[in-house]
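Please read the structure below before turning to the comments.
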Number of protein chains: 2
Amino acid sequence: MKFNQYAYVEIDPKKQIEELKNINFLPVNFEKYNFSDLLGTLFKNLLAEAKTPEAKTAKLSEFAINENETLTTFLAQNPQAITKNEFYNVALQLLGYHVIYDYDLNNPIDCLNKHALPYIDKKEFTLNELPEVFYRLLNTRSANGQILIDVMAAKGYFTQFWGKNEFLFFNGKSLPVFDTSKVIREVVYVESDLDTDEDGQPDLLQTTIFRPDESNIIPVPALYTASPYFGGIIANEAKNHNVDENLEDATLSNYPKYVAKPHVFANKPSSDNNQATEEAIHKSSYALNEYLLARGFASVFAGAIGTRGSDGLRITGAPEETESAKAIIEWLHGDRIAYTDRNRTSEVKADWCNHKIGMTGRSYLGTLQIAIATTGVAGLKTVVSEAAISSWYDYYREHGLVVAPEACQGEDLDLLAETCQSNLWDAGNYLKIKDKYEAMQQDLLKKSERNTGQYSDFWDARNYRHRADNIKCSWISVHGLNDWNVKPKNVYKIWQKVKNLPIQHHLFLHQGPHYNMNNLVSIDFTDLMNLWFCHELLNLQNNAYNQWPTVMIQDNLQADLWHQEKDWNNVDGQTSTYFLHQDGELQKAPDTQAKEQKFTDQGGKIFKQAKISEQQWQNEFIAGNERWLDQQLRFTTDEFIHTTTITGRPTIKLSASCSKTTGQLSVALVEIGTRKRLTDTPSFFRDQNQEFGYRFGSQMLQEFTLTKATPAKLITKAHINMQNYADLKKASQIKENTMYDFEFQLQPTYYRIPAGSQLALIIYSTDQAMTKRPLESEEYKIDLTKCSISFQQK
Amino acid sequence: MKFNQYAYVEIDPKKQIEELKNINFLPVNFEKYNFSDLLGTLFKNLLAEAKTPEAKTAKLSEFAINENETLTTFLAQNPQAITKNEFYNVALQLLGYHVIYDYDLNNPIDCLNKHALPYIDKKEFTLNELPEVFYRLLNTRSANGQILIDVMAAKGYFTQFWGKNEFLFFNGKSLPVFDTSKVIREVVYVESDLDTDEDGQPDLLQTTIFRPDESNIIPVPALYTASPYFGGIIANEAKNHNVDENLEDATLSNYPKYVAKPHVFANKPSSDNNQATEEAIHKSSYALNEYLLARGFASVFAGAIGTRGSDGLRITGAPEETESAKAIIEWLHGDRIAYTDRNRTSEVKADWCNHKIGMTGRSYLGTLQIAIATTGVAGLKTVVSEAAISSWYDYYREHGLVVAPEACQGEDLDLLAETCQSNLWDAGNYLKIKDKYEAMQQDLLKKSERNTGQYSDFWDARNYRHRADNIKCSWISVHGLNDWNVKPKNVYKIWQKVKNLPIQHHLFLHQGPHYNMNNLVSIDFTDLMNLWFCHELLNLQNNAYNQWPTVMIQDNLQADLWHQEKDWNNVDGQTSTYFLHQDGELQKAPDTQAKEQKFTDQGGKIFKQAKISEQQWQNEFIAGNERWLDQQLRFTTDEFIHTTTITGRPTIKLSASCSKTTGQLSVALVEIGTRKRLTDTPSFFRDQNQEFGYRFGSQMLQEFTLTKATPAKLITKAHINMQNYADLKKASQIKENTMYDFEFQLQPTYYRIPAGSQLALIIYSTDQAMTKRPLESEEYKIDLTKCSISFQQK
């Protein structure tokens with residue numbers, strides 16, 4: 001598997017030498033060394049675990065340079081050069097590869113090539129080449145996925161710089177020279193302008209800071225993770241709403257309005273400043289933050305309104321939520337007051353912060369980045385928003401239907417609000433808010449209208465995209481192309497806004513579901529983020545803006561291939577339109593003889609009888625398992641002769657009727673073909689651990705790997721309420737057995753169909769894993785002549 | 001679920017007050033406080049995360065004492081007493097329970113009772129009772145499974161004692177007062193008397209030490225974990241031997257001899273002493289050690305011969321292996337030399353050690369405890385041997401057959417030796433040992449005789465039980481009753497020896513497979529070990545020897561029930577004998593009309609066609625799934641009217657013939673009855689984390705929980721080579737279709753059959769998961785009249 005590397009910055013040889021000297025790796029007077037001494041010195045410097053010259057010398061005998069000689073015996077001969085093979089035999093061992101098992105001492109280059117590891121391609125290296133050769137080696141990814149200098153850091157190489165109170169950069173990235181044994185972990189209470197619990201006092205927001213001890217001397221940037229889960233998660237899955245029910249008449253929607261909560265303005269910051277007096281109990285919940293904390297970036301977590309330690313009610317998705325999460329940045333930037341404790345007597349400032357703030361986090365934590373970025377708040381310089389919701393309607397609803405996030409049937413906005421209302425666990429606070437909390441729960445339940453599924457002002461207030469023009473910070477979005485929790489439409493639609501703004505912007509699309517991509521084999525994402533944050537928050541000129549392409553997309557056939565694209569949109573490629581044929585084929589030419597076809601949806605009946613998981617249902621359903629065939633219409637292309645990429649959002653046109661006055665339509669685009677596919681989630685490489693710093697936590701290397709053959713794979717899908725045929729945002733009455741025309745878009749994709757596979761379009765109604773599951777059967781008819789599917793193909 | 005607590009030591013009230021004062025919890029002059037002030041002070045002392053009096057005071061408002069009042073408002077009224085309910089409302093919140101979700105402010109006692117949490121049962125508490133009430137609370141297990149004082153430790157309560165250079169005990173256990181930010185992690189090289197790589201020099205053994213910084217001032221005990229995996233694991237599953245082969249004539253055994261490797265004696269320790277010069281790269285691999293490291297116990301890991309950083313060959317199970325692992329204890333005890341590096345010039349002593357050594361570890365790591373304990377080495381005071389092998393024949397063979405550990409079909413001694421020969425990864429060392437290593441691999445393969453399966457001197461040298469009389473240390477064995485990797489016979493047979501020795505001894509049998517039991521809900525094992533090691537290695541008089549019963553056995557019906565027994569043997573109960581009836585019944589009366597019955601074993605044929613896992617095969621096979629019925633004989637009792645416990649090793653008598661001159665017989669005892677059973681492995685309580693100390697790593701709480709209903713559960717089984725009918729250690733020729741009599745024991749058990757379930761005896765041949773899987777079919781006949789199964793029942 002290829003250890004692709006995008007964060008290596010090309011630097012001229014003089015600068016390399018300077019950097020090597022700055023980290024005390026290359027002797028200042030290296031030119032005066034003889035070759036053998038310099039080579040020995042540099043290899044010994046790599047052995048950071050050996051603390052004395054004698055211990056380092058003793059360890060050289062553990063390395064073989066060829067089938068006959070150890071490094072010790074080689075150096076004893078006072079050589080004047082080392083061959084490429086000999087050098088890389090040692091290098092591979094340092095990078096974590098093993099003779100016999102991983103490489104052959106007669107041919108190390110094969111192993112380097114296999115893993116896409118860089119090497120200097122000269123027959124042999126003499127003294128002048130050693131700086132360059134070692135510079136590249138220190139910046140080469142090891143078997144654990146980290147660059148070798150990070151592996152050295154884990155062995156304590158950089159403890160020699162602890163207490164120097166300055167950043168140290170290498171190849172454009174910050175090094176872990178901050179004393180991780182002295183990290184400050186403190187809690188403060190930021191005062192917002194909100195009074196969501198209506199007690200007449202501004203809501204206090206508990207904020208947890210992890211920062212280098214050195215930040216008492218030199219201000220550092222902050223990475224802020226707005227995490228509603230930070231204070232704890234109230235497990236309430238058992239309360240999930242019933243989804244086994246018939247659809248109701250959507251025209252009964254009240255199109256509820258968003259109503260704001262009262263404001264009570266906080267005091268302004270004064271000149272008073274005190275030390276924090278409360279220590280953090282909770283731990284950092286994000287590996288990337290920990291990694292960067294060792295490198296000088298403070299890490300700030302806050303749950304904001306309604307979460308443990310904070311006041312207020314959790315009004316999920318509402319402007320109040322955004323405002324409360326934003327308040328933390330205002331404090332970090334010096335624009336808002338905070339106190340040492342809930343008594344609001346002792347003020348505390350973020351004077352350790354250089355006032356430059358980046359945001360990190362996935363899912364709800366990524367969502368709040370979008371929310372805050374669209375306020376244009378001062379101090380926020382960049383966001384790295386992963387698997388984020390850009391409109392809450394696109395999370396819980398679709399085209400007039402209740403459509404659940406994957407594995408969350410029956411979950412909804414009210415329940416997520418309860419999940420995050422962890423300040424109920426502060427029993428003293430519970431006494432105060434219990435009535436208000438109950439009322440809010442009722443309000444969320446009512447206004448989110450599970451009965452109609454319609455878009456309304458309630459949801460519109462929760463669509464951050466409306467305020468995208470306010471975004472002033474630079475932007476990175478990360479999303480899984482197989483994320484059926486936060487569906488890809490969320491990132492796609494915000495991206496279409498962001499890419500036109502005068503801000504730096506990047507998009508990463510990986511092959512995961514609702515997942516991070518920090519520690520993959522195929523890409524050095526953590527290093528890229530180090531480079532990025534150094535540029536954005538420390539003003540380091542490190543080529544970050546030109547280091548990698550605007551859009552990076554992981555391939556679905558080969559996990560270690562990343563497509564480098566300029567954009568992700570609906571016009572990149574040629575439009576292909578496929579028509580539905582009477583015989584079940586999907587062809588580029590229309591079938592002029594085609595007629596009506598019908599299927600009978602059974603609601604949740606067969607699914608419940610089958611006693612299988614939603615995932616298994618989907619696997620069987622898309623593969624065309626017998627028991628589901630009468631509940632769908634399938635149209636399949638011939639086998640593709642060439643590998644073809646589908647990109648953007650396919651558009652479906654349908655003409656359909658149903659046998660009742662309510663109905664739901666689902667469409668799925670599926671790749672058919674029995675072959676090994678990538679695992680749903682990355683496989684862990686349990687013997688490859690990535691240390692964040694020196695004895696400071698770790699994570700495991702992982703990557704999608706090919707697993708046993710499956711017959712089909714979902715590419716994308718969509719759902720629509722038939723009552724929204726005329727207007728996706730407003731329901732109409734429909735008549736039984738009457739044809740209506742539909743046109744809507746599927747979730748966006750970027751999918752390579754390999755030669756030999758077929759493409760199938762499946763038309764159905766109940767999606768067991770996402771839609772409501774009616775109690776009664778219903779007959780659907782499709783007029784094939786008026787149906788087609790179009791998408792960008794390249 | 002019940003948080004049972006066995007490590008709470010009953011201590012008189014005066015001693016409680018003294019201990020509370022020693023940890024700076026109870027004010028020295030507490031009698032002079034008024035009630036309200038003292039109550040407030042003690043609650044505030046619990047809030048270790050708040051670092052100033054003001055911060056502590058502010059936090060009191062987060063606690064409710066009843067449905068109307070917070071702790072703040074209550075204390076403001078200057079009360080003279082607190083009711084039981086009010087006190088435990090606050091206590092439950094401190095213990096990690098949540099109002100509404102876990103308990104009702106009107107009835108906290110229900111929640112305490114539900115979780116078996118102790119409380120002082122008085123209507124209200126006044127000043128004099130506060131020390132006792134808080135003492136018990138600090139020693140009460142929290143929702144995360146740890147006692148509350150450990151939860152406070154995780155919040156930094158004991159950092160006030162850092163640097164005091166002394167142990168501090170509370171309720172008989174050591175507290176985490178050691179500065180975990182300064183742990184010393186160092187590597188030394190112990191010189192053994194072995195020369196297994198035959199280079200003429202004594203094999204050096206890399207040894208890694210994690211020890212408190214305070215050990216430079218006060219000697220501390222060492223917990224030594226002999227781990228062949230510590231330096232890395234060579235993944236060689238792909239080389240597993242073929243098991244799809246016919247049995248061979250076992251009389252062809254050569255009964256190979258064990259041959260010792262040469263010795264070259266190490267230098268004796270001199271008066272020279274130096275600091276270690278190499279820092280540890282590897283991490284502690286055992287949570288218990290980390291927990292105890294924070295409490296003043298050094299943690300020592302060594303892989304010994306053949307492992308990374310060490311010299312020599314991995315001769316799995318051989319006396320050389322024992323000797324090399326023992327050498328580390330000799331160094332810790334001051335009896336053996338070690339060097340700072342491989343150059344053997346600079347000597348280093350374990351002068352930080354108090355010369356009292358305990359051992360910990362599971363599986364191979366537990367095995368080496370048995371191995372070393374049977375040498376009687378000086379300095380070794382106690383072992384806590386988990387899931388350990390006591391004879392390697394009982395790991396890889398059974399009654400003349402190759403019988404694999406669970407999930408390890410085709411694995412064998414030679415392959416395990418390769419797995420642990422991680423010094424091949426030191427490429428310089430690889431150059432030296434490669435030829436010797438290859439020869440040793442061949443030797444192990446040959447002498448372990450996969451073709452005959454017979455016992456021999458080769459195996460006899462690997463049976464530690466022969467040397468049990470040498471054991472001088474105290475003894476704790478831990479084993480899973482469902483451990484089909486290291487089968488329970490291993491612990492059972494060593495226990496029968498150990499229990500008769502003049503040493504303290506304990507046995508824990510849990511419901512897991514090949515697993516630890518440190519962090520279960522149902523038992524406070526970690527606390528017990530703290531108590532135990534304090535007694536054994538620090539001479540603390542803490543009642544450890546009388547604190548819990550000799551044998552503790554986790555129930556198979558209810559995970560939070562532990563049976564307290566005096567012994568585990570073959571005579572505890574009444575012997576029940578069941579006979580096999582012609583109609584498939586298993587009854588206490590013989591069937592005088594019974595005849596021969598037969599079945600045809602299909603070897604691995606049907607299994608391979610089925611394409612299922614070994615686990616699924618077993619599930620189906622014991623449940624009596626149709627496709628396996630013709631390959632077994634089943635005899636089933638009536639439904640049990642009363643719950644009945646089977647204990648010890650059932651004995652089977654069989655009269656059987658086979659259609660070839662080779663054959664294998666398997667028998668399984670199975671509980672039949674569709675009901676919810678405990679999970680195979682414990683379920684993690686992901687929101688309940690156990691911190692080892694202050695910012696020093698953690699593990700998750702776990703427990704076996706009831707899962708979805710299954711039709712059957714394996715109780716125990718056994719296998720025998722038919723050629724061993726006359727002598728379990730020596731094969732005879734057998735004739736086709738000729739009846740032979742067999743009598744042998746099944747693996748030991750302790751199993752409660754619930755009323756309503758049935759007991760089934762299954763007689764079969766090929767065990768897909770463990771035995772060889774012949775390529776040809778074979779017919780087996782059983783003479784029912786001469787068959788019976790007997791076991792202890794109570």
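Chain naming here is simple, since letters A, B, ... match the order of the sequence lines and numbering starts at 1 in each. Values below: every heavy atom of this structure, side chains too, minus hydrogens, waters and symmetry copies.
- Contacts between A:Asp179 and chain B at a heavy-atom distance below 4.5 Å are absent for every atom of the residue.
- Between chain B and the residues A:Arg185, A:Arg342, A:Lys283, the most heavy-atom pairs under 4.5 angstrom are made by A:Arg185.
- Side-chain contact check for A:Ile100 versus B:Lys434: every heavy-atom pair is 4.5 Å or farther apart.
- Only the backbone of A:Asn429 comes within less than 4.5 Å of a heavy atom in chain B; its side chain stays farther off.
- Of the atoms belonging to A:Tyr694, it is side-chain heavy atoms, and not backbone ones, that fall under 4.5 Å from chain B.
- Both the backbone and the side chain of A:Thr277 come within contact range of chain B, with heavy atoms under 4.5 Å apart.
- Nearest heavy-atom pair, A:Val99 versus B:Ala427, reported as atom, atom and distance to 0.1 Å: CG1-CB, 3.9 Å.
- Interface summary for chain A: among B:Ser346, B:Ala55, B:Gly232, the most heavy-atom pairs under 4.5 angstrom belong to B:Ala55.
- Only the side chain of A:Leu105 comes within less than 4.5 Å of a heavy atom of chain B; its backbone N, CA, C and O stay farther away.
- The two residues A:Gln93 and B:Trp425 have their closest heavy-atom pair at NE2-O, 3.4 Å.
- Looking at A:Lys59, A:Arg695, A:Lys155 one by one, the single match for salt bridge (charged side-chain N to carboxylate O under 4.0 Å, His left out) with B:Glu279 turns out to be A:Arg695.
- Most heavy-atom pairs under 4.5 Å with chain B, from the set A:Ala280, A:Ala64, A:Ala48: that is A:Ala64.
- A:Phe63 touches chain B through its backbone: at least one of N, CA, C or O sits under 4.5 Å from a heavy atom, while the side chain does not.
- Taking every heavy atom of both residues into account, B:Asn343 and A:Ala58 meet most closely at ND2-CB, 3.7 Å.
- Side-chain atoms of B:Lys51 and A:Gln275, non-hydrogen and from C-beta on, never get closer than 4.5 Å to each other.
- Contacts between A:Leu424 and chain B at a heavy-atom distance below 4.5 Å involve backbone atoms as well as side-chain atoms.
- With a threshold of 4.5 angstrom between heavy atoms, B:Arg308 approaches chain A through side-chain atoms but not through N, CA, C or O.
- For chain B, no part of A:Arg686 is nearby; none of its heavy atoms comes within less than 4.5 Å.
- For chain B, the nearby part of A:Glu691 is the side chain; its heavy atoms alone come within less than 4.5 Å.
- Most heavy-atom pairs under 4.5 Å with chain A: of the set B:Ala50, B:Ser181, B:Gly309, B:Ser61, this distinction falls to B:Ser61.
- Heavy-atom distances place the side chain of A:Tyr189, and not its backbone, under 4.5 Å from chain B.
- Highest contact tally toward chain A, considering only B:Leu71, B:Asn236, B:Ile234, is held by B:Ile234 [criterion: heavy-atom pairs under 4.5 Å].
- At a threshold of 4.5 Å between non-hydrogen side-chain atoms, the residues B:Thr345 and A:Glu54 do not count as touching.
- In this structure, A:Leu431 and B:Asn68 approach most closely via the heavy-atom pair CD1-C, 3.6 Å.
- When heavy atoms are compared at a cutoff of 4.5 Å, A:Leu60 does not approach chain B at all.
- Taking CD of B:Glu186 as the start and CD of A:Glu49 as the end, the distance is 14.5 Å to the nearest 0.5 Å.
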